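Taking it in order: structure first as structure tokens, then the write-up.
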Amino acid sequence: MLEDDLIKMSAPTLAAIKTGSLFAYTYDCCYKLFSELAGVNEKLNKKGVYVTILNLSTEKTLIYVYRKSDLLKLLKDSLYRLFLETEGYSSTLRDAAVSDEEFIKLHLETLSKKLSCSVNFPHEIGIFLGYPLEDVKGFIENKGKNYK
């Protein structure tokens, strides 16, 4: 069932049109969810696509699907990196010698914590979905109003 929802909800990412996609997924068994997730990743990681859980709650989870190379390019871009630092993402990553996988993992952990623990929704999530930096900044500055 996860595969069906993943195909429907993240087709632009699977087709290499978008950096990432996000969707809510309802599950009935945590063990089955993690098993399905492992199976999906086994198939997709070979193609540079990764699937992870950003927020897990009872019977519902927030699934993030992303193209590793596209996300890495955005996260390593100096303008995006500076912006994310102002939003609470680790600034020590700039100088740390971490692998690409660890670099992405640290950013996703921060995003996951903000989704789970923050009072305010982390609108910088647009970066992880591939929205242009100026659009994300504008959305935040205008508090979601005056969009086109």
Side-chain angles (χ1 to χ4, degrees), residues 1-133 135-137 139-140 144 147:
M1 191 153 116
L2 176 61
E3 276 190 32
D4 293 341
D5 283 2
L6 190 136
I7 291 166
K8 283 186 246 176
M9 305 305 285
S10 59
T13 301
L14 297 174
I17 296 170
K18 281 184 68 182
T19 299
S21 299
L22 191 65
F23 66 95
Y25 180 69
T26 304
Y27 65 95
D28 54 2
C29 171
C30 203
Y31 175 78
K32 184 179 173 189
L33 169 66
F34 285 104
S35 176
E36 286 182 298
L37 190 64
V40 165
N41 272 311
E42 186 177 332
K43 293 175 186 175
L44 294 177
N45 289 177
K46 299 171 201 167
K47 299 177 190 283
V49 177
Y50 292 75
V51 183
T52 191
I53 293 172
L54 285 183
N55 190 338
L56 182 65
S57 62
T58 308
E59 298 177 8
K60 196 166 231 177
T61 185
L62 198 54
I63 303 281
Y64 176 56
V65 182
Y66 64 97
R67 294 199 151 272
K68 179 181 169 184
S69 61
D70 293 348
L71 181 59
L72 191 60
K73 183 178 176 184
L74 289 174
L75 295 178
K76 288 200 168 192
D77 179 280
S78 59
L79 293 175
Y80 284 81
R81 186 186 260 174
L82 182 61
F83 171 74
L84 287 171
E85 285 176 13
T86 66
E87 294 298 316
Y89 292 77
S90 180
S91 59
T92 60
L93 293 176
R94 184 179 330 135
D95 303 315
V98 296
S99 68
D100 290 346
E101 290 78 18
E102 187 68 16
F103 187 76
I104 289 173
K105 182 182 173 194
L106 291 168
H107 277 78
L108 292 179
E109 284 174 355
T110 300
L111 179 60
S112 180
K113 286 176 188 171
K114 290 179 94 173
L115 282 165
S116 300
C117 304
S118 239
V119 175
N120 298 320
F121 186 81
H123 291 295
E124 71 273 7
I125 200 168
I127 301 292
F128 295 85
L129 300 174
Y131 289 102
L133 180 58
D135 289 356
V136 173
K137 284 180 175 180
F139 190 85
I140 292 169
Y147 59 89

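Everything numeric in this text was worked out from a predicted model, so none of it was measured. Throughout, numbering of the chain's residues begins at 1 and tracks the sequence.
- Shortest non-hydrogen contact noted between Leu74 and Ile127 is CD1-O, 3.4 Å.
- Across every non-hydrogen atom of Ala24 and Leu62, the tightest pair is N-CD1, 4.2 Å.
- Put simply, the side chain of Val40 reaches to within 4.5 Å of the side chain of Leu2, judged on heavy atoms.
- Summarising the geometry, atom OG1 belonging to Thr13 is positioned 11.0 Å from atom CG belonging to Leu44; distances are rounded to the nearest 0.5 Å.
- Summarising the local packing, OH of Tyr25 is surrounded by more than 12 heavy atoms from other residues, nucleotides or ligands at distances under 6.0 Å.
- Counting only heavy atoms from C-beta outward, the side chains of Asp5 and Thr26 never approach each other to under 4.5 Å.
- In summary, the aromatic rings of Tyr64 and Tyr66 are positioned with their centroids under 6.0 Å apart.
- In this structure, Arg67 contributes its side chain and Lys18 its backbone to no donor-acceptor pair below 3.5 Å.
- No donor-acceptor pair closer than 3.5 Å links the side chain of Asp135 to the backbone N or O of Tyr131.
- What you find for Leu108 and Leu54 is that their closest heavy atoms are O-CD2, 4.1 Å.
- Side chains of Asp77 and Phe83 form no contact here, defined as non-hydrogen atoms less than 4.5 Å apart.
- Within a 6.0 Å radius of OH in Tyr31, no more than 12 heavy atoms belonging to other residues, nucleotides or ligands are found.
- The two residues His107 and Tyr89 have their closest heavy-atom pair at O-CE2, 3.5 Å.
- Contact annotation: the side chain of Asn55 never approaches that of Ser112 to less than 4.5 Å [non-hydrogen atoms, C-beta and beyond].
- Shortest non-hydrogen contact noted between His123 and Ile140 is CB-CG1, 3.6 Å.
- In this structure, the side chain of Ser116 does not engage the main chain of Lys113 through any donor-acceptor pair within 3.5 Å.
- At least one side-chain heavy atom of Leu84 sits less than 4.5 Å from a side-chain heavy atom of Leu75.
- Not one N or O on the side chain of Thr61 forms a donor-acceptor pair closer than 3.5 Å with the backbone of Ser57.
- Checking Glu124 against Tyr80 by side-chain atom types alone, no donor-acceptor pair falls below 3.5 Å.
- Between the side chain of Asn45 and the backbone N or O of Val49 there is at least one donor-acceptor pair closer than 3.5 Å.
- Within the 4.5 Å cutoff, the side chain of Met1 has heavy atoms near those of the Glu36 side chain.
- Atom CD of Glu109 has more than 12 heavy atoms from other residues, nucleotides or ligands within 6.0 Å.
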Point to revise | Verdict with supporting geometry, Phe128 and Leu71, side-chain contact (heavy atoms from CB on, under 4.5 Å) | key: CA-CA 7 Å; Phe128 295 85; Leu71 181 59; 3.9 Å; yes
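- Side chains of Tyr27 and Lys32 form no contact here, defined as non-hydrogen atoms less than 4.5 Å apart.
- A donor-acceptor pair under 3.5 Å is absent between the side-chain atoms of Ser10 and the main chain of Val65, judged by distance alone.
- One finds a salt bridge joining Asp100 and Lys76 here, because a Lys/Arg side-chain nitrogen approaches an Asp/Glu carboxylate oxygen to under 4.0 Å.
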